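Okay, structure first, notes after.
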Amino acid sequence: MKMCRLWVVLMMTAVTLLTSCLGDSDNTVTQTLPGVFRYHNGRTVVETIMGKLYSPELETKYIGYSEGDCCIINFEYNSSAPENENEAANGYSYVSNIAIGAVPAGDVSFTTDTATMLPKEIALLEGGYNMAYYGYFAYLSGSMILTSTYNQLTDQKTRFELFFDPAQTPTPATDQYGKGYSIYLRATVVSDGKTPSTEVMVPYGYNIKYFIDTIYAREQGNEIFHLKLYYVSKINSDNTLVWSAEDVIIPFEVEKK
């Protein structure tokens with residue numbers, strides 16, 4: 001079974017309401033979504049929560065991207081366009097007037113220690129989900145895009161890393177979302193900045209396929225599990241960490257082996 005997309009229903013509803021106002025009488029809508037570059041039937045496409053998107057520009061103007069690279073894509077989609085007459089058979093939707101911004105890759109690691117402060121660790125204001133930027137949060141076939149908010153000094157360089165404890169004991173199953181597994185987002189300064197500081201939002205892409213495959217192997221025989229995202233929201237004067245959880249729960253149907 002494929003990944004469950006239940007968690008994006010509210011997000012897609014908001015996107016639809018927003019972009020329906022932008023549509024023209026010719027069934028054209030404009031959207032901005034997170035995406036991942038993929039190769040599909042010999043073509044370069046961008047996978048998004050509304051499916052795979054194709055434009056000839058992907059193979060000319062944006063040839064510097066590789067399989068698995070994350071991005072933010074703005075595009076126009078016309079359901080009445082001749083190129084979309086066979087979109088179900090093609091396996092992608094034809095889009096036009098695209099503009100793509102790169103999403104940098106965050107690091108991923110395994111850990112069993114969530115109590116010890118990392119060298120030059122900083123706290124975050126938001127871990128990865130913000131209703132004002134709902135379109136910059138997605139899980140797409142192994143790639144997770146999170147938009148994090150924090151206070152950044154001028155010229156500061158920051159590293160984002162997503163941790164998973166493979167030995168963790170999941171929280172008990174709920175009727176709706178199954179057992180719960182935790183992932184931990186942390187940020188460290190790699191190049192110091194100077195005052196003043198600015199509150200910034202930055203999207204990062206994380207390849208967590210191995211995390212998910214590890215859970216699949218443990219959850220065989222069950223129907224569903226979910227992820228919960230935690231992030232360091234405060235660092236006390238004694239270097240103890242305060243963890244906060246994002247409100248959103250990310251459910252997955254268990255992929256049968």
Side-chain angles (χ1 to χ4, degrees), residues 2-5 7-8 34-38 46-49 65-72 101-130 133 136-150 152 157-171 179-191 200-219 225-233 235 241 243-246 248-252 254-255:
K2 298 301 182 182
M3 296 294 181
C4 181
R5 293 294 193 273
W7 61 279
V8 301
V36 182
F37 275 79
R38 305 291 188 198
V46 173
E47 180 185 6
T48 72
I49 56 175
Y65 288 86
S66 301
E67 165 82 20
D69 286 349
C70 294
C71 67
I72 302 296
V103 171
D107 295 312
V108 294
S109 298
F110 289 102
T111 186
T112 57
D113 182 5
T114 57
T116 304
M117 179 181 172
L118 300 174
K120 305 185 76 171
E121 184 162 13
I122 60 174
L124 301 174
L125 301 176
E126 292 280 350
Y129 183 80
N130 187 302
Y133 283 81
Y136 293 178
F137 173 67
Y139 178 83
L140 300 163
S141 304
S143 296
M144 177 171 282
I145 298 173
L146 303 173
T147 299
S148 303
T149 309
Y150 67 106
Q152 176 180 274
K157 304 300 182 185
T158 308
R159 175 188 183 191
F160 286 82
E161 192 162 10
L162 200 59
F163 291 88
F164 175 73
D165 178 2
Q168 68 179 279
T169 300
T171 58
K179 296 178 184 177
Y181 288 85
S182 301
I183 53 177
Y184 302 91
L185 182 64
R186 310 180 75 167
T188 54
V189 175
V190 296
S191 179
V200 296
M201 287 183 177
V202 289
Y204 275 81
Y206 304 87
N207 184 348
I208 64 167
K209 186 177 185 303
Y210 191 77
F211 293 177
I212 301 302
D213 287 347
T214 299
I215 301 174
Y216 279 156
R218 293 182 60 176
E219 290 299 310
F225 66 89
H226 69 272
L227 292 182
K228 189 73 174 178
L229 174 67
Y230 292 84
Y231 62 97
V232 174
S233 58
I235 301 175
L241 305 176
W243 290 90
S244 295
E246 291 288 9
V248 67
I249 289 176
I250 311 168
F252 295 80
V254 177
E255 204 168 66

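Keep in mind that what you see is a predicted model, and the values were worked out from it rather than measured.
- Residues Y204 and I145 are not in side-chain contact: their nearest non-hydrogen atoms beyond the backbone lie 4.5 Å or more apart.
- The aromatic rings of Y184 and W243 stand perpendicular to each other, their planes meeting at an angle above 60°, with 30° marking the opposite boundary.
- The aromatic ring centres of F160 and Y206 sit 6.0 Å or more apart.
- For the atom pair L185 CG and S244 OG, the distance stands at 12.0 Å (nearest 0.5 Å).
- Of all the heavy atoms in Y230 and S182, the pair that sits closest is CE1-OG, 3.4 Å.
- Annotation: side-chain contact (heavy atoms from CB on, under 4.5 Å) contacts of T116 (sequence neighbours excluded): D113.
- Residues L241 and E121 form a side-chain contact, since some pair of their non-hydrogen atoms from C-beta on lies under 4.5 Å apart.
- Residues I215 and L227 meet the side-chain proximity criterion, which asks for heavy atoms closer than 4.5 Å.
- In this structure the side chain of L146 reaches within 4.5 angstrom of the side chain of L229, judged on heavy atoms.
- Separation of atoms CZ (R38) and OG1 (T48) is listed at 11.5 Å; rounding is to 0.5 Å.
- The structure places CZ of F163 at 8.5 Å from CZ of F211, a figure rounded to the nearest 0.5 Å.
- At a threshold of 4.5 Å between non-hydrogen side-chain atoms, the residues I208 and Y210 do not count as touching.
- M144 contributes atom CE, which lies 7.0 Å from atom CG of L162 (distance to the nearest 0.5 angstrom).
- For the atom pair S148 OG and F137 CZ, the distance stands at 10.5 Å (nearest 0.5 Å).
- The residues R186 and E161 are annotated as not salt-bridged, no charged nitrogen and carboxylate oxygen being separated by less than 4.0 angstrom.
- The 12-atom threshold is exceeded at CZ of F110, counting heavy atoms of other residues, nucleotides or ligands nearer than 6.0 Å.
- Within the 4.5 Å cutoff, side-chain heavy atoms of V103 are placed close to those of I72.
- Of all non-hydrogen atoms in P166 and R218, the two that sit nearest each other are O-NH1, 3.1 Å.
- Residue K120 places its NZ atom among more than 12 non-hydrogen atoms of other residues, nucleotides or ligands, all under 6.0 Å distant.
- The line from SG of C70 to OH of Y65 is 10.5 Å long, rounded to the nearest 0.5 Å.
- Contact of the T188 side chain with the T158 side chain is not registered, since no non-hydrogen atoms from C-beta on lie closer than 4.5 Å.
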